[in-house]
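The structure under discussion appears below in the form of structure tokens.
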Protein chains: 2
Amino acid sequence: MSILGHNEPCIPLFCLAARQMAYTYTHPRPALTVDCVVFGFDAQTTLQVLLIQRKLTPYQGEWALPGGFVRLAESLEAAARRELREETGVEDVFLEQLYTFGQPDRDPRDRVVSVAYYALISLAGHPLQARTDAQDTAWFALDAVPPLAFDHHQILQAAIARLRGKVRYEPIGFELLPEKFTLTQLQKLYETILDQPLDKRNFRNKLLRMDLLVALDETQTGVAHRAARLYKFEPQRYEQLKQQGFNFEL
Amino acid sequence: MSILGHNEPCIPLFCLAARQMAYTYTHPRPALTVDCVVFGFDAQTTLQVLLIQRKLTPYQGEWALPGGFVRLAESLEAAARRELREETGVEDVFLEQLYTFGQPDRDPRDRVVSVAYYALISLAGHPLQARTDAQDTAWFALDAVPPLAFDHHQILQAAIARLRGKVRYEPIGFELLPEKFTLTQLQKLYETILDQPLDKRNFRNKLLRMDLLVALDETQTGVAHRAARLYKFEPQRYEQLKQQGFNFEL
DNA sequence: TCAAAAGTGTTGACGGTACACCCATGT
DNA sequence: ACATGGGTGTACCGTCAACACTTTTGA
């Protein structure tokens, strides 16, 4: 646990650290962290964010985005993935850089610049994760997010805006669904993210016309009504179409 | 001039620097810089980037993006604007954060993370700038960019991709033109950025239908043929329409 | 008078939107 | 048998794409 309250085992790389000492005098450096906005979706509930409760001051006891210091020998994305794994158990997810936040006063103690990432995962896949036992990690529906530490509320808003924008012209929505899903689940996902109702027939026609989904020979199970057909998104098919000038758009 | 070869007067903030010393041991910090991709356009020529020639090792004598260290008390954007002013004389321009580059080996000497920005300016407005006298600052057409230092080529490519994407759904193209411009100049700008020919009548109809431009009672001067009407982009009008659900799109 | 760019409308194709009913399944 | 969501087609309308000639001006 670091002095700044982020979770990082202390394994300094001595040669790099020594080399840096000389430079530090001429150029005092901001601290560098990564923070992750993890979105989870489940057609039974809604779109949620993963938060952790801070154990250290400042903002002790408040909720915050998972994140921590960047090590000297790892890339920014690697740092984000490591923090995500260490703090929340989340692994192997869609992860993309969002924006870098660097207002001088965003951390009350020291200058800390943070590179924010956002991640997308299916809650149906990993239902509430192994970490739910830990009292300090929890999912919050987007309309019930508690006050957040630092400028994390601003980061969250930026992530929502990015997701809303990007989901319309890149097929990233599928990252929030299990591998096999129904068209109704997909529609509910889009309605939730875009915050507007969509017409069922138009939605289905449009998506199927794109030729990105393969219909499986399977149906939903465990529902108290007619079981819906399951579909799968084909990333390779998308790459192929994209090279032929196809543009995903919804 | 810093040991890392970026241009920054050495004015350490001693109290912050001292406070940081204690943390440095537990958390050796990457150095943090900003780099700027400055795009300039002129309907007589084409889309260009502003580069500076490095005077220090490494990559001595090679071309690079303007940039330098972030100071402890300034925001990232302020650092980008300061470096731009100090190194190239460019001021008061459209500037937006692009992406943060942090591969551990992107600087051969030390870990340096760089927050990249891109800027848009009209060359007709500031024709080749006061700095053209300086031998170490120059504009390069995008299809004639020399080899660049560090990973600056990658940064440039990312900036081009961003510009190409964004120009289609936000009216940022006007930042590359003088305040008063002709529709032909605007069309040439879009053709250059999107790298495809556009139909003159369709282009004009579509833009004028958007109701974002005001026709001025002035025409071009100094051309050896019929002078074209001048137009002006109205940012307030855009904000107003946006709130009514209007989406710029080309 | 010539060269060079400005300016202007119509048509056909396509995709978006709006809209309502029957079907399959589990309880 | 009933409740719940699954699944399907068409008609209208607006927007995009293709396309060529006349006008103005300066040299």
Side-chain angles (χ1 to χ4, degrees), chain A residues 42-46 124 168-169 177-178 180-192 194 196-232 241 244-250, chain B residues 42-46 124 167-169 177-178 180-192 194-232 241 244-250:
Chain A
D42 175 349
Q44 266 69 63
T45 59
T46 183
R168 306 191 65 154
Y169 64 92
L177 292 173
K180 300 171 182 179
F181 53 86
T182 69
L183 292 182
T184 302
Q185 288 168 352
L186 183 60
Q187 183 178 342
K188 188 174 174 223
L189 169 63
Y190 273 91
E191 289 179 328
T192 305
L194 301 179
Q196 62 176 336
L198 298 172
D199 180 85
K200 180 159 67 159
R201 276 169 294 187
N202 294 337
F203 181 83
R204 296 163 95 94
N205 287 156
K206 191 163 178 177
L207 266 157
L208 293 177
R209 226 185 309 132
M210 284 185 196
D211 209 21
L212 285 175
L213 303 183
V214 278
L216 302 174
D217 282 333
E218 295 176 67
T219 54
Q220 255 179 332
T221 55
V223 285
H225 54 76
R226 174 173 177 182
R229 158 156 267 125
L230 290 171
Y231 290 81
K232 202 169 80 175
L241 287 172
Q244 295 163 27
F246 166 80
N247 276 315
F248 181 88
E249 193 165 337
L250 195 127
Chain B
D42 176 349
Q44 267 68 62
T45 58
T46 183
V167 89
R168 305 192 66 153
Y169 62 92
L177 291 174
K180 300 171 183 181
F181 52 86
T182 69
L183 292 181
T184 303
Q185 287 168 352
L186 184 60
Q187 181 178 344
K188 183 165 179 229
L189 168 62
Y190 274 92
E191 288 179 329
T192 305
L194 301 178
D195 197 26
Q196 60 176 339
L198 298 172
D199 179 85
K200 181 161 64 158
R201 277 169 292 188
N202 293 338
F203 181 82
R204 295 163 97 94
N205 288 155
K206 189 162 180 179
L207 265 157
L208 293 177
R209 230 185 305 131
M210 283 185 195
D211 209 21
L212 284 175
L213 303 184
V214 278
L216 303 173
D217 282 333
E218 295 176 67
T219 54
Q220 257 179 332
T221 55
V223 286
H225 53 77
R226 176 175 177 180
R229 156 157 267 125
L230 290 171
Y231 290 81
K232 204 169 80 175
L241 287 172
Q244 295 163 27
F246 165 80
N247 276 314
F248 182 87
E249 193 167 336
L250 199 128

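Given the structure is predicted, the values throughout are model-derived calculations rather than measurements. Letters A, B, ... are given to chains in the order of the sequence lines, protein chains preceding strands, and every chain is numbered from 1. No hydrogens, no waters, no symmetry mates; every other heavy atom, side chains included, goes into these values.
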Task: No-H, no-angle donor-acceptor pair, A:R201 side chain to C:dA20 base, under 3.5 Å - done: yes

Open item on the list: Any N or O donor-acceptor pair under 3.5 Å from the base of C:dG16 to the side chain of A:K206?
Closed with: no

Let me know the distance between [atom1] of [X] and [atom2] of [N], rounded to the nearest Å.
{"X": "B:Q220", "N": "D:dT25", "atom1": "CD", "atom2": "P", "answer": "12 Å"}
{"X": "A:F181", "N": "D:dG6", "atom1": "CZ", "atom2": "P", "answer": "14 Å"}
{"X": "A:F203", "N": "D:dT8", "atom1": "CZ", "atom2": "P", "answer": "15 Å"}
{"X": "B:R209", "N": "D:dT15", "atom1": "CZ", "atom2": "C1'", "answer": "7 Å"}
{"X": "A:N205", "N": "D:dG6", "atom1": "CG", "atom2": "P", "answer": "16 Å"}
{"X": "B:Q187", "N": "C:dG7", "atom1": "CD", "atom2": "P", "answer": "12 Å"}
{"X": "A:N202", "N": "C:dC19", "atom1": "CG", "atom2": "C1'", "answer": "9 Å"}
{"X": "A:Q185", "N": "D:dG7", "atom1": "CD", "atom2": "P", "answer": "11 Å"}

Open item on the list: If you count every heavy atom of other residues, nucleotides or ligands that lies below 6.0 Å from A:K188 atom NZ, does the total exceed 12?
Closed with: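 Yes, because the 6.0 Å sphere around NZ of A:K188 holds more than 12 heavy atoms from other groups.
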
- [ ] Name the residue closer to the 5' end of DNA chain D, choosing between A:K200 and A:H225 according to the nucleotide with the nearest heavy atom.
- [x] A:H225

Task: Nearest-0.5 Å distance, CG of residue A:L250 to CE of residue A:M210 - done: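 Reported to 0.5 Å precision, the distance equals 5.5 Å.
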
Task: Separation between CD of B:E191 and CG of B:L189, rounded to the nearest 0.5 Å - done: 9.5 Å

Task: Short side-chain N/O contact to C:dC2 OP1/OP2 from B:R226, under 4.0 Å - done: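 False: B:R226 side-chain N/O out of range (4.0 Å or more) of C:dC2 OP1/OP2.
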
TODO: Give a yes/no answer on whether the side chain of B:T184 brings an N or O atom under 4.0 Å of OP1 or OP2 in C:dA6.
DONE: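 The answer is yes; a side-chain N or O of B:T184 sits under 4.0 Å from OP1 or OP2.
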
TODO: Please check if the side chain of A:R229 supplies one atom and the backbone of A:L216 the other of a donor-acceptor pair under 3.5 Å.
DONE: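 The answer is yes, because a donor-acceptor pair under 3.5 Å joins these two groups.
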
Open item on the list: Under 4.0 Å, heavy atoms only, any strand: does B:T182 hit a base, just the sugar-phosphate, or nothing?
Closed with: nothing

- [ ] Identify whether any heavy atom of A:R204 sits under 4.0 Å from a base atom; if not, whether one sits that close to sugar-phosphate; answer base, sugar-phosphate or nothing.
- [x]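 Base, at least one base atom sits under 4.0 Å.
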
Open item on the list: Any salt bridge linking B:R168 with B:E249? Criterion: basic side-chain nitrogen under 4.0 Å from a carboxylate oxygen.
Closed with: no

- [ ] Among the candidates C:dG9, C:dG7, D:dG7, find the nucleotide nearest to the side-chain atoms of A:A228.
- [x]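 Among C:dG9, C:dG7, D:dG7, the one nearest the side chain of A:A228 is D:dG7.
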
TODO: Could you please name the option among D:dC19, D:dG5, C:dC19 that lies closest to any side-chain atom of A:D199?
DONE: C:dC19

- [ ] Hey, which sits more toward the 5' end of DNA chain C by its nearest nucleotide, B:L208 or A:E249?
- [x] B:L208

